[in-house]
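Here's the structure we're looking at; comments come further down.
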There are 2 protein chains.
Amino acid sequence: MRTKNPREPLSRERALATAVTLADAEGIPALTMRRLAAELGVEAMSLYHHLPGKEGLLDGLADTVVGEIDVAVGRAAVTGTGGDWRTGLRRRFLAAREVMLRHPWAPALLGSRPTIPTGVYAYYDGILATLLSAGFSHRLAHRALHAFGSLALGFTQEVFRPARAGGNTDVDGAAAELAAMAEALPHLTAMVAAEAHDPADPTLGWCDSQVEFEFTLDLLLDGLERARR
Amino acid sequence: MRTKNPREPLSRERALATAVTLADAEGIPALTMRRLAAELGVEAMSLYHHLPGKEGLLDGLADTVVGEIDVAVGRAAVTGTGGDWRTGLRRRFLAAREVMLRHPWAPALLGSRPTIPTGVYAYYDGILATLLSAGFSHRLAHRALHAFGSLALGFTQEVFRPARAGGNTDVDGAAAELAAMAEALPHLTAMVAAEAHDPADPTLGWCDSQVEFEFTLDLLLDGLERARR
DNA sequence: ACCTGAACACCGTTCAAGT
DNA sequence: ACCTGAACACCGTTCAAGT
């Protein structure tokens, strides 16, 4: 993990790159000023010459992710004109999603930053250009931006996820817990049972997020297409 | 603010109630174990007899909010049967939203908790019951739950919000910043100008969140109604 | 200009001791 | 049983000092 290299001097770019690597490997909680400095082979206080404190580091990290999205979107063909605005946005959002899948900590970071990373504005400006050139009014385009929300950045807010995603090895305890829940939650229990037992279904298992993401995305795109006409 | 009262002994309920009050008044960052203890007129370590540490405190806080949602939803009429599933869910989500507006810190807290508050499952089970009794398949109901996401709890993820919501008094600096942005963001600038200048429009101003919330909600409800048939 | 060591003011939490 | 004081192992950050 250690990326110490006395040759190249410390810089904002090098610090942020190492921060991304550290967050990927051990998560945001491991990203302390002292720890990051250690990874860079430097003292914690040296970071303050290149970054304006911890908050500035997190802002820089968010900006870096948005930059990665721009690169990914650039590789996908998203600048179709006129009628196929839906295809363009769909490709764009799915490209953004691939960046999020590489950096599982990024959704929570982007969602919790008190100030929006500046690159996000330019990103949404591009989406808006697509909508306007497809004939959307400013009113409807405005509402579309809000309706997309974080979908445009490739993620949905996971407010409903399995109880212990963080690796619960207490299988018996989990099973007992689930049994106790079943009585209190008859409909959810039935749904899980029904959804998990159809072997012909490519969305098999509990919550294939990619499929859900695309389902919601298409629901919104279709609804907006109808509102546009 | 101090709620010290030697008469009633410290308890989990009293600690959580004071935590909610403290978070409402000064935000989640002010909610430290030491500070909460001080508000309760007690030493920080006493809290550990009633709450399993800081994470447990935050979990308890999230549970408390979900409990408030249940109360608010109970007051609204949401148990319509058969055909008016849309009206029922709409009332329910808007009732939940009122709780969120009372506790501005709650969306971020619910979105960032590593483990889901237990009350959330029961809440979603109720939503699912509505969908199933309206004739939804398990498949479509499952997708509907994911499509709603945090909308069901009364909030959307604010990934696109004004630059300095936290009270920027540097008006000139903000204006200059905006002017510099305008050149780089032609479409967004035009949209803001268009959206802000229609005096007949009840969504006047930059981002009436309530209207946007309801627009997205109806977009999803209409799309699901179409998918259901 | 860039980096450092020591120190400061905070955290959450453990633990032995009180009552 | 409930609460406490002192201490521990961390934080982010300031500051004067080095080169």
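Since the model is a prediction, treat every value here as computed from it, not as a measurement. First the proteins, then the strands, lettered A, B, ... as listed; each starts at 1.
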**OP:** Go through the steps to decide whether B:F93 and B:F148 satisfy the test ring-ring contact (aromatic ring centres under 6.0 Å, His included), and finish with yes or no.
**Re:** CA-CA 10 Å; B:F93 297 174; B:F148 291 142; 5.1 Å; yes
**OP:** Decide side-chain hydrogen bond (donor to acceptor under 3.5 Å, both in side chains) for B:H142 and B:H146; before the verdict, give the C-alpha distance in whole Å, the side-chain angles of both, and the deciding distance to 0.1 Å.
**Re:** CA-CA 7 Å; B:H142 181 190; B:H146 282 280; 3.2 Å; yes
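Regarding A:R35, its CZ atom lies at a distance of 12 Å from the P atom of D:dG12, rounded to whole Å. The distance between atom NZ of A:K54 and atom C1' of D:dC10, rounded to the nearest whole Å, is 12 Å. Rounded to an integer number of Å, the gap from CZ of B:R34 to C1' of D:dC11 is 12 Å. As rounded to whole Å, 14 Å separates atom C1' of D:dT13 from atom CD of A:E43. In this structure, CG of B:L57 is placed 14 Å from C1' of C:dC11, rounded to the nearest angstrom. The CE atom of A:M33 sits 18 Å away from the P atom of D:dC10 (whole-angstrom rounding). With rounding to whole Å, B:Y48 atom OH is found 16 Å from D:dG5 atom P. Between B:R12 atom CZ and D:dA1 atom P the separation is 20 Å, expressed in whole Å.
Between B:G53 and A:M45, the residue anchored nearer the 5' end of DNA chain C, judged by the nucleotide with its closest heavy atom, is A:M45.
The backbone N or O of B:L188 sits less than 3.5 Å from a side-chain atom of A:D125, completing a donor-acceptor pair.
A:H50 and A:E13 are not linked by any side-chain donor-acceptor pair at a separation below 3.5 angstrom, with hydrogens and angles left out of the test.
The nucleotide C:dT14 finds its pairing partner in D:dA6, both defining distances of the Watson-Crick or G-U wobble pair being shorter than 3.5 Å.
Using a 4.0 Å heavy-atom cutoff across all strands shown, A:S46 reaches at least one base atom of the nucleic acid.
For C:dC2, neither phosphate oxygen OP1 nor OP2 lies less than 4.0 angstrom from any side-chain nitrogen or oxygen of A:H50.
A donor-acceptor contact under 3.5 Å is not formed by the side chain of A:H49 with the base of C:dC2.
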